K.L.:
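Structure below; questions to follow.
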2 protein chains.
Amino acid sequence: METVNKKILLVEDDPNFGVVLKDYLGMNDFDVTLAKNGMEGFEKFRKENFDLCILDVMMPYKDGFTLAKEIREKDENIPIIFLTAKTMKEDVLKGYKVGADDYLNKPFDSEVLLFKIKAILQRKSTESLADSKQFEFQIGNFHLNSKLRFLTYKEEEPIKLSPKENELLRLLALHENDLMPRELALTKIWRDDNYFTSRSMDVYIAKLRKYLKKDDLVEILNIHGEGFRLVVKEDADR
Amino acid sequence: METVNKKILLVEDDPNFGVVLKDYLGMNDFDVTLAKNGMEGFEKFRKENFDLCILDVMMPYKDGFTLAKEIREKDENIPIIFLTAKTMKEDVLKGYKVGADDYLNKPFDSEVLLFKIKAILQRKSTESLADSKQFEFQIGNFHLNSKLRFLTYKEEEPIKLSPKENELLRLLALHENDLMPRELALTKIWRDDNYFTSRSMDVYIAKLRKYLKKDDLVEILNIHGEGFRLVVKEDADR
DNA sequence: TAACCATTTAACCTAACGTTAACAAAAATG
DNA sequence: CATTTTTGTTAACGTTAGGTTAAATGGTTA
């Protein structure tokens, strides 16, 4: 089968290390573009469509986090792996805020990096099955405009939705009458699947249920241990 | 969320190394069963449902390759990783013949093993998404939706099934009118074949019989000492 | 700084689930 | 036909997931 190599943007200021890593990844069937600093990295990012970014944190002029933030503005889904010399907690936190997919502390085993890359790309590729560009939904007698974050019941005044409410309802709508796995919402919306994000999600399910109570045809059911299901019953009139 | 740990069968004759490795994997959220030789390894493999096998090649009585061949006869898809002291070409070839998924030469970096395991399991799990599993069944007048865990009788309100009820009924349906061996359900669903899981399964058979009582055409028969049979009689009307 | 809003965290409660025990019935064994 | 093994059924129990409300946090804006 014809398979195109995955494209990786590698931003690393140490030229020796950068070239070695680039060659290593190249030998493993990745197309690697090497940038020597954050500035150059962003330029290259804008010109090409990469599948994954590997960013050194400690770089002159523009550090990895700042670069990541800029990259995220252009593409909120691209996987980012940080290379960092320090294990400092604040750095890790900072990284997660800009949506790091993984971390590696230098020095690291190159084979480990390879497996992380493969694992992330695989995860993303299965996730993207759920990716959709649909932003408007008819849900029973409700209409959801996910771009404007409006939920309208019949001819009433639209209800304003918060970002999280909106994303969650949209994800449910994308799976209308089908299972929307907990894990999917947590990784897509909260970007982290742990006890607290899970509880947070439950809070938002409660909020959505409150909104949706207006329409008897619509309800959010739980499938224990699996996720939720947005059920839209057939209108008896039709 | 209910996430069951992956089960690994580790067959390693060096007791010290075996225990260390078992503990290390255990710390990383794997359930590891350790066997001291090929014989014991195969016994344990038959009793439980593992997700992956790690086999030492050099072992007394029964070497890793022979064991792998036996394991492959029972399950042609289970991932196998070989641990070997030598890098000899013929061994590598021999390993690939029995379908090795990966190799590690001793001594190896434990973190590398960890990433190999994760990568392999992830690959297998996405592969298995593709081999279209059947999740919907017509059972007499019942309809089973195994994805949403619903059992619907004619036009009545669907009955919610618990995960175990659902899996068990699905397994019976896959063997409709045929024997569904006890051992199969126990290893596949309970992942362990012992007295207690066996009694637990009987409890679930009772629950399913209660649900299925609505339809005279459907019943679960026991075949003493063998297993169960989901019988669907022909509808006289058709 | 105060006031506001979205989100997270905490606390507490209920429902769902699976296992186990206990006892009954049926089938196999010899 | 007495005994053992396997299966059937019910109920109690402990654990975990989910539901709900309110308070804490944190960022933004006036």
Side-chain angles (χ1 to χ4, degrees), chain A residues 69 90 93-94 96-99 148-151 159-170 172 179-186 188-213 219-230, chain B residues 1-5 148-151 158-169 171-172 179-183 185-186 188-213 219-231:
Chain A
K69 212 175 288 174
E90 52 182 291
L93 277 176
K94 212 170 166 186
Y96 277 122
K97 271 209 179 130
V98 296
L148 301 176
R149 304 210 311 255
F150 276 165
L151 180 65
I159 305 161
K160 288 184 192 174
L161 297 183
S162 84
K164 283 274 192 316
E165 290 170 346
N166 176 54
E167 286 184 82
L168 185 55
L169 184 53
R170 175 166 174 270
L172 285 164
L179 171 68
M180 194 280 294
R182 272 194 103 82
E183 196 200 344
L184 180 73
L186 292 173
K188 286 216 98 146
I189 302 177
W190 276 264
R191 314 194 114 232
D192 194 2
D193 180 354
N194 63 45
Y195 174 77
F196 289 109
T197 53
S198 195
R199 303 327 324 287
S200 195
M201 171 172 168
D202 289 337
V203 172
Y204 278 90
I205 289 287
K207 292 183 184 187
L208 292 181
R209 280 182 172 142
K210 204 168 283 177
Y211 295 144
L212 298 176
K213 218 156 37 186
E219 70 184 315
I220 298 175
L221 297 183
N222 173 257
I223 299 176
H224 198 95
E226 299 286 334
F228 294 93
R229 195 159 84 96
L230 177 66
Chain B
M1 163 154 1
E2 182 214 353
T3 40
V4 179
N5 287 346
L148 300 177
R149 304 209 312 247
F150 274 168
L151 180 64
I159 305 161
K160 287 186 189 175
L161 298 182
S162 86
K164 283 274 192 313
E165 291 169 347
N166 176 54
E167 286 184 82
L168 186 54
L169 184 53
L171 211 55
L172 285 164
L179 171 68
M180 194 279 294
R182 270 195 106 81
E183 193 202 343
L186 291 173
K188 286 252 168 201
I189 301 176
W190 276 264
R191 319 201 82 200
D192 199 353
D193 179 353
N194 63 45
Y195 172 77
F196 288 110
T197 52
S198 193
R199 301 322 329 282
S200 197
M201 170 171 169
D202 289 335
V203 170
Y204 278 91
I205 290 288
K207 292 182 183 183
L208 291 181
R209 281 182 172 139
K210 201 171 283 177
Y211 295 143
L212 297 176
K213 219 155 38 187
E219 69 185 315
I220 298 175
L221 298 183
N222 173 257
I223 300 174
H224 199 92
E226 299 288 332
F228 294 92
R229 197 158 84 93
L230 177 66
V231 183

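Basis for what follows: all heavy atoms, side chains included, without hydrogens, waters or symmetry-related copies. Computed from a predicted model, the values in this text were never measured in an experiment. Numbered from 1 within each chain, the chains take letters A, B, ... in sequence-line order.
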K.L.:
Taking atom P of dT20(C) as reference, at what distance in whole Å does atom CH2 of W190(B) sit?
P.N.:
12 Å
K.L.:
Side chain of N222(A): nearest nucleotide among dG18(D), dT7(C), dT9(D)?
P.N.:
dG18(D)
K.L.:
Does the pair M201(B) and T197(B) meet the rule for a side chain to side chain contact (heavy atoms under 4.5 Å, CB included), with working shown?
P.N.:
CA-CA 6 Å; M201(B) 170 171 169; T197(B) 52; over 6 Å; no
K.L.:
Can a donor-acceptor pair under 3.5 Å be found between the side-chain atoms of R182(A) and the base atoms of dG18(D)?
P.N.:
no
K.L.:
Would you say R149(B)'s side chain and I223(A)'s backbone share a donor-acceptor pair under 3.5 angstrom?
P.N.:
no
K.L.:
Can any side-chain N or O of D192(B) pair as donor or acceptor with the backbone N or O of L186(B) at less than 3.5 Å?
P.N.:
no
K.L.:
Evaluate the side chain to side chain contact (heavy atoms under 4.5 Å, CB included) criterion for residues L212(B) and L230(B): first the C-alpha distance (whole Å), next the side-chain angles of each, then the deciding distance (0.1 Å), finally the verdict.
P.N.:
CA-CA 10 Å; L212(B) 297 176; L230(B) 177 66; 4.1 Å; yes
K.L.:
Round to a whole Å and report the spacing from CD1 of I205(B) to C1' of dT19(C).
P.N.:
16 Å
K.L.:
From CG of L186(A) over to P of dT8(C), roughly how many Å is that when rounded to an integer?
P.N.:
11 Å
K.L.:
Nearest whole angstrom, please: distance from the P of dT7(D) to the CD1 of I220(B).
P.N.:
14 Å
K.L.:
Tell me which nucleotide among dA6(C), dG8(D), dC17(C) gets nearest to the side chain of P163(A).
P.N.:
dA6(C)
K.L.:
Can you identify which nucleotide, out of dA28(C), dA17(D), dT20(D), has its nearest atom closest to the D202(A) side chain?
P.N.:
dT20(D)
K.L.:
Is there a side-chain contact between K213(B) and K210(B), using heavy atoms and a 4.5 Å cut-off?
P.N.:
yes
K.L.:
For H224(A) and dT15(D), give me the distance from atom NE2 to atom P, rounded to whole Å.
P.N.:
15 Å
K.L.:
Check step by step if side chain to side chain contact (heavy atoms under 4.5 Å, CB included) holds for L161(A) and Y211(A).
P.N.:
CA-CA 10 Å; L161(A) 297 183; Y211(A) 295 144; 3.6 Å; yes
K.L.:
Ignoring hydrogens and angles, are the base of dG18(C) and the side chain of R199(B) linked by a donor-acceptor pair under 3.5 Å?
P.N.:
no
K.L.:
Return the nearest nucleotide to the side chain of F196(A); candidates are dT7(D), dA17(D), dA10(C).
P.N.:
dA10(C)
K.L.:
Ignoring backbone atoms, test whether S200(B) places a side-chain nitrogen or oxygen under 4.0 Å from the OP1 or OP2 oxygen of dT19(C).
P.N.:
yes
K.L.:
dT20(D), dT21(D), dT19(C): which one has an atom nearest the side-chain heavy atoms of R209(A)?
P.N.:
dT20(D)
K.L.:
Round to the nearest Å and state the distance from K210(B) atom NZ to dG8(D) atom P.
P.N.:
14 Å
K.L.:
Can you tell which of dT7(C), dG19(D), dG18(C) lies closest to the side chain of K207(A)?
P.N.:
dT7(C)
K.L.:
Tell me which nucleotide among dG19(D), dA16(C), dT7(D) gets nearest to the side chain of F228(A).
P.N.:
dG19(D)
K.L.:
Whole-Å distance between dT16(D) P and I223(A) CD1?
P.N.:
22 Å
K.L.:
Just to be sure I understand the rule, does Y195(A) reach a base, reach only the sugar-phosphate, or reach nothing, if contact means heavy atoms closer than 4.0 Å?
P.N.:
nothing
K.L.:
What is the distance, to the nearest angstrom, from the CG atom on N194(A) to the P atom on dT7(C)?
P.N.:
17 Å
K.L.:
Applying a 4.0 Å non-hydrogen cut-off, can you work out what S162(A) is touching in the nucleic acid: base, sugar-phosphate, or nothing?
P.N.:
sugar-phosphate
K.L.:
Which nucleotide sits closest to the side chain of V203(B): dT7(C), dG18(C), dA11(D)?
P.N.:
dA11(D)
